[in-house]
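Chain letters run A, B, ... following the sequence lines, proteins first, then strands; residues in each count from 1.
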2 protein chains.
Amino acid sequence: MLGHVTTPTYELYYWPGIQGRGEFVRLALEEAGAAYVDVARTPGGMHTMMRLLDGEAEGPLPFAPPFLKHGDLIVAQTANVLAYLGPRLGLVPDDEALRVEALQIQLTLADLVTEVHETHHPISGGLYYEDQKSAAKARSAAFVRERVPKFLGWLERVLDRAGGEHLVGGRLTYVDLSAFQIVTGISYAFPNAMARMKRRIPKLLALRDRVAGRTRVAEYLASERRLPFNESGIFRHYPELDG
Amino acid sequence: MLGHVTTPTYELYYWPGIQGRGEFVRLALEEAGAAYVDVARTPGGMHTMMRLLDGEAEGPLPFAPPFLKHGDLIVAQTANVLAYLGPRLGLVPDDEALRVEALQIQLTLADLVTEVHETHHPISGGLYYEDQKSAAKARSAAFVRERVPKFLGWLERVLDRAGGEHLVGGRLTYVDLSAFQIVTGISYAFPNAMARMKRRIPKLLALRDRVAGRTRVAEYLASERRLPFNESGIFRHYPELDG
């Protein structure tokens with residue numbers, strides 16, 4: 001646990017206005033009660049973020065937000081940020097095997113998040129949704145039919161094998177927080193699909209509720225720091241895609 | 001460096017018949033001269049792999065191949081496998097900041113690999129390419145126009161900032177091996193697009209050649225262990241997608 005030694009304030013860089021991939025990092029920082037700045041949501045912050053993306057700082061060049069700046073270190077890629085923050089925020093066990101397991105689950109959640117994004121942008125991130133709507137319908141139908149059951153069914157099973165309360169190591173980790181976000185996001189974007197899944201993922205839904213009820217998470221979710229879901233983010237509710 | 005202490009043989013599990021994501025792990029094991037078994041390519045190996053995917057072993061449940069079995073530990077997700085193997089095979093520096101940087105680049109390469117897969121399967125992995133060809137053409141056009149220059153241009157820049165010889169820490173890491181595989185794969189799948197990129201990524205092409213010329217890598221590439229690229233894998237050459 002490095003969480004209680006003096007540490008520079010964490011600077012999170014992510015697109016303002018959407019939860020997106022930044023939200024997985026926000027949830028970890030909020031649950032831990034860490035001092036952090038959501039830089040791009042502060043005055044002048046977007047400019048600072050764009051300069052870092054342009055390579056102004058020395059060292060690792062992020063490909064895209066979210067990235068974290070901690071002192072001089074820049075850490076990009078959501079799962080990598082969480083693997084870095086986990087030990088510092090007390091959100092992953094010390095044991096190497098359990099850290100490896102946490103990252104493995106997190107990376108599978110990241111794959112799922114990417115697939116969620118592809119449901120509304122199957123052709124190109126550079127086109128509007130409206131310009132790829134027919135491909136989006138076909139992709140979403142396959143996603144809801146094949147991928148949601150496969151991913152969430154797998155997650156339920158991982159949870160069950162781990163004792164049913166937490167995904168890794170019998171205690172709260174950043175992976176549980178991310179699972180909360182995924183289930184909440186898919187419920188927002190695909191309520192019909194989730195209604196059909198409900199009875200197959202009781203432990204996962206209970207985990208989501210337990211995370212939402214944690215003191216700091218609940219306080220965060222009720223605050224203005226929690227952006228609402230919207231149709232600029234990754235989890236978008238388009239009724240025509242939720243068959 | 002843990003590479004020289006006694007360690008159980010590494011068991012790699014991946015679909016036989018394609019390079020796919022397994023190839024990033026194979027390249028690391030081959031470069032290090034590590035003792036490993038490519039299990040699903042041995043008699044009965046597919047059956048063993050399917051049993052592990054079905055959850056027969058205790059502990060972490062892989063979502064999909066590739067995964068590594070090392071003693072009792074199962075490690076899934078390509079980048080996670082490489083982060084686990086890196087210190088053991090001497091393919092990543094000891095320094096935490098450099099390991100974080102290595103994983104960050106590897107995860108961005110993983111995103112690129114996923115996007116390559118989406119070029120021929122933009123609607124569903126459960127459908128044949130032939131049944132999603134028109135969406136594949138649209139997706140590939142956007143990929144070649146926007147994404148290849150963005151990803152490879154970024155990689156060239158990362159390499160340049162790191163001194164031009166290696167991507168991380170001034171020495172060979174698993175990330176260099178993966179960059180070799182990506183450049184080689186995209187050159188196979190999209191030769192026209194790569195011909196247009198050529199002059200913009202001289203350092204990256206030189207890195208590819210240096211990796212290909214390393215003693216153990218060259219020996220591996222010439223062996224039967226190196227599967228050829230084919231149209232069942234991730235990097236597929238469909239002339240109609242290479243505008």
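- Side chain of B:Asn192 to main chain of B:Asp242: a donor-acceptor pair is present (N/O by atom type, distance under 3.5 Å, no hydrogens or angles).
- Considering only heavy-atom pairs separated by less than 4.5 Å from chain B, the leading option among A:Glu58, A:Arg99, A:Glu101 is A:Glu101.
- Only the side chain of A:Tyr84 comes within contact range of chain B, judged by heavy atoms closer than 4.5 Å.
- By number of non-hydrogen pairs under 4.5 angstrom with chain A, the leading residue of B:Gly126, B:Ala79, B:Pro62 is B:Pro62.
- Using a 4.0 Å cut-off between a side-chain N of Lys or Arg and a carboxylate O of Asp or Glu, A:Glu115 and A:Lys150 do not qualify as a salt bridge.
- In terms of modelled atom types and a separation under 3.5 Å, the side chain of B:Glu156 and the main chain of B:Lys203 share a donor-acceptor contact.
- Comparing A:Gly55, A:Ala110, A:Ala136, A:Gly59 by how many heavy-atom pairs each has under 4.5 Å with chain B, the most go to A:Gly55.
- Counting heavy atoms of neighbouring residues, nucleotides and ligands inside a 6.0 Å radius, atom CZ of A:Arg200 does not exceed 12 of them.
- For A:Ile74, the part sitting under 4.5 Å from any heavy atom of chain B is the backbone (N, CA, C, O) and nothing else.
- A distance of 6.0 Å or more separates the ring centres of A:Tyr174 and A:Phe24.
- For chain B, the nearby part of A:Glu96 is the side chain; its heavy atoms alone come within less than 4.5 Å.
- No side-chain heavy atom of A:Val113 sits less than 4.5 Å from a side-chain heavy atom of A:Gln181.
- Neither the backbone nor the side chain of B:Phe143 comes within less than 4.5 Å of any heavy atom in chain A.
- Looking at A:His70, there are no atoms closer than 4.5 Å to chain B (heavy atoms on both sides), in backbone or side chain.
- Contact of B:Leu61 with chain A is made through backbone and side chain together, with heavy-atom distances under 4.5 Å.
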Subject >> CA sep, side-chain torsions, deciding dist, call: A:Leu155, A:Leu167, side-chain contact (heavy atoms from CB on, under 4.5 Å) >> reply: CA-CA 8 Å; A:Leu155 209 52; A:Leu167 283 159; 4.1 Å; yes
